[in-house]
Amino acid sequence: MASSFNSVFFFVIIFVSTSYAQNGLILPVRKDTNTLQHYTSIQMGSNRTTVNAVIDLQEQSLWFGCDNYSSSTYVPIPCNSPKCEIANGNSCQGCNGPLRPGCTNNTCGGSPYSPYQGFALSGGLAEDTLYSKNHVEVPQLTFSCVYTYSLVGLASGTTGILGLARTEISLHKQVANKLNLPDKFSLCLPSSGLGKLYIGGGLSRKSDVSKLLITTPLIINPVSTGPIFIQGVPSVEYFINVQSIRVHGEPLSVKSSYFTIGKDGYGGTKISTTNNFTTVYSSIYKPLTRAFVKAASDMKIKSVEAVAPFRACFSSSTISTTATGPSVPIIELVLPGNDVSWKIYGANSMFPVSKNVMCLAFVDGGSSRRSSIFPSTSIIIGAYQLEDNLLEFDLVSSQLHFSSSLLVQNKACSRL
Ligand SMILES: *[C@@H]1O[C@H](CO)[C@@H](O)[C@H](O)[C@H]1NC(C)=O
Ligand SMILES: *[C@@H]1O[C@H](CO)[C@@H](O)[C@H](O)[C@H]1NC(C)=O
Ligand SMILES: *[C@@H]1O[C@H](CO)[C@@H](O)[C@H](O)[C@H]1NC(C)=O
Ligand SMILES: *[C@@H]1O[C@H](CO)[C@@H](O)[C@H](O)[C@H]1NC(C)=O
């Protein structure tokens, strides 16, 4: 008996988890040598417009100049909407010009801030798709559109700021929520060449530097600090618990209370990518430079007249060069734990101001009470001190993993 068989095709649908679901954004980081700013590149909107944005650990979200921005997927965030509330929208904005991205009515106003102009900008919140070169898309990313005249002070070729503070609308938080990734990011600011910003995980797992990383808690200053001060709201900046400073192995004799965060939010140590150099209160700066000059002199390094904004400068010809930069006394930021410190070698502590002179790249931040608008911070670790150091911000466990100088291991941010 003949029987007919139907060929049965099994269509096996395999959901391959592509880079989409599992990987975060890998973004390049470059240094602008004129301004010393570090910036990244993203693609935005249906036209995949390239936006170069300066990296700012203290800023709330992404913002850029939209005067020339065109995208069919751009959607303004309306006033009083849930998305406006999540973004802490603080006003309702309108616009008289022709309708375009950045010029819409009934638009939720964000709080974009220019660290280089020192004031808040006007900017409406919107959503659009972000694309990265490693083929990850972030749909409906919230950002602010500002006017092009707001871009004063930004490195040439850049049109905005990429904010990475501890807010609901910072890039890493939005990526974590939308792509279902842990709220983590890694930052490696290059001294030259191409560094990396990895959003959605740690970079170290992709290279062999993970065993070099030292862990310290990220602490939350209970008082709002920085430009957008909100009464009763904790700081969105990243603080670590530096307890003392050692120069050439010797602790500075500075009262430990100078390092701690007070009830009023003053003091403590935070990390900034938009300060060129580490800035410290005078009460720490003076003993620091004194100890450094003394230890340098013991190494037969010759002091020369200071060049502003620095106060301790040296004749380059009296300093030898090592794999970790100029051979000078090591500065250590001492952290909690058994002999845990962030070591700052010559490549991060000496800034060449001319062919013959290099200076201790730390700046006097004045006395602690001078600024009354918002609480000031004892130590602001600046970008020059972060270069060629890998930093992983883990906001799930509230920890910072850091490498100190990668040069010690004959690596650099451009070679990770
Ligand atoms: C950082 O340094 C550059 C180059 O010296 C200078 O042009 C710029 O004004 C400095 N920026 C700040 C915020 O001090
Ligand atoms: C915007 O586009 C116009 C016309 O192409 C150009 O002249 C102007 O410089 C652009 N502005 C910015 C900020 O790129
Ligand atoms: C960008 O997209 C718009 C549609 O939103 C289109 O009209 C325009 O021609 C595109 N511009 C460029 C430069 O591709
Ligand atoms: C916003 O509303 C005003 C008043 O109705 C109108 O004149 C203006 O053209 C609108 N702006 C845009 C960009 O549509």
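Along the sequence shown, the residues carry numbers beginning at 1. Read the numbers this way: they start at 1 and go in the same order the structure lists the ligands and their atoms.
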For this session: Quick one: look up the protein heavy atom nearest atom 9 (O) of ligand 4 and list residue, atom name and how far away it is.
Result: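 Of every protein heavy atom, N96 O, 4.2 Å lies nearest to atom 9 (O) of ligand 4.
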
Exercise. Should the ring pair F351 and F310 be called parallel, tilted or perpendicular, given that the plane angle runs from 0 to 90° and is split at 30 and 60?
Worked result: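 Correct class here is tilted.
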
Might you check, step by step, whether the distance between [atom] and some protein heavy atom is under 4.0 Å?
atom	answer
atom 14 (O) of ligand 1	yes
atom 11 (N) of ligand 4	yes
atom 4 (C) of ligand 4	no

Using a 4.0 Å cutoff against the non-hydrogen atoms of [X], which atoms of ligand 4 qualify?
X	answer
N105	1 (C), 2 (O), 3 (C), 8 (C), 10 (C), 11 (N), 12 (C), 14 (O)
L99	13 (C)
C95	1 (C), 8 (C), 10 (C), 11 (N), 12 (C), 13 (C)
C103	13 (C)

Exercise. Under 3.5 Å, side chain of S398 to main-chain N/O of L395, donor-acceptor pair present?
Worked result: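 Looks like no, no N/O pair under 3.5 Å.
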
Exercise. Ion pair present between D67 and R100, side-chain N to carboxylate O less than 4.0 angstrom?
Worked result: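 A salt bridge links D67 with R100.
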
Exercise. Do R166 and E237 meet the salt-bridge criterion of a basic N to acidic O distance under 4.0 Å?
Worked result: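 No, E237 and R166 are not salt-bridged.
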
Exercise. Which of these, L36, V363, N276, has its nearest heavy atom closest to atom 6 (C) of ligand 1?
Worked result: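 Comparing heavy atoms across L36, V363, N276, the nearest one to atom 6 (C) of ligand 1 lies in N276.
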
N/O donor-acceptor pairs under 3.5 Å from side chains in residues 240-248, not counting sequence neighbours:
unit_1	atom_1	unit_2	atom_2	d
R246	NE	E332	OE2	3.4
R246	NH2	E332	OE1	3.1
R246	NH2	D339	OD1	3.2

Problem set entry | N34 heavy atom under 4.0 Å from ligand 1 |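 Yes.
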
Problem set entry | Nearest heavy atoms of S144 and G123, plus distance in Å |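 So the two residues come closest at OG-O, 4.4 Å.
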
Exercise. Mind checking whether T142 and I86 have side chains closer than 4.5 Å, heavy atoms only?
Worked result: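 The answer is no; the side chains never approach within 4.5 Å.
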
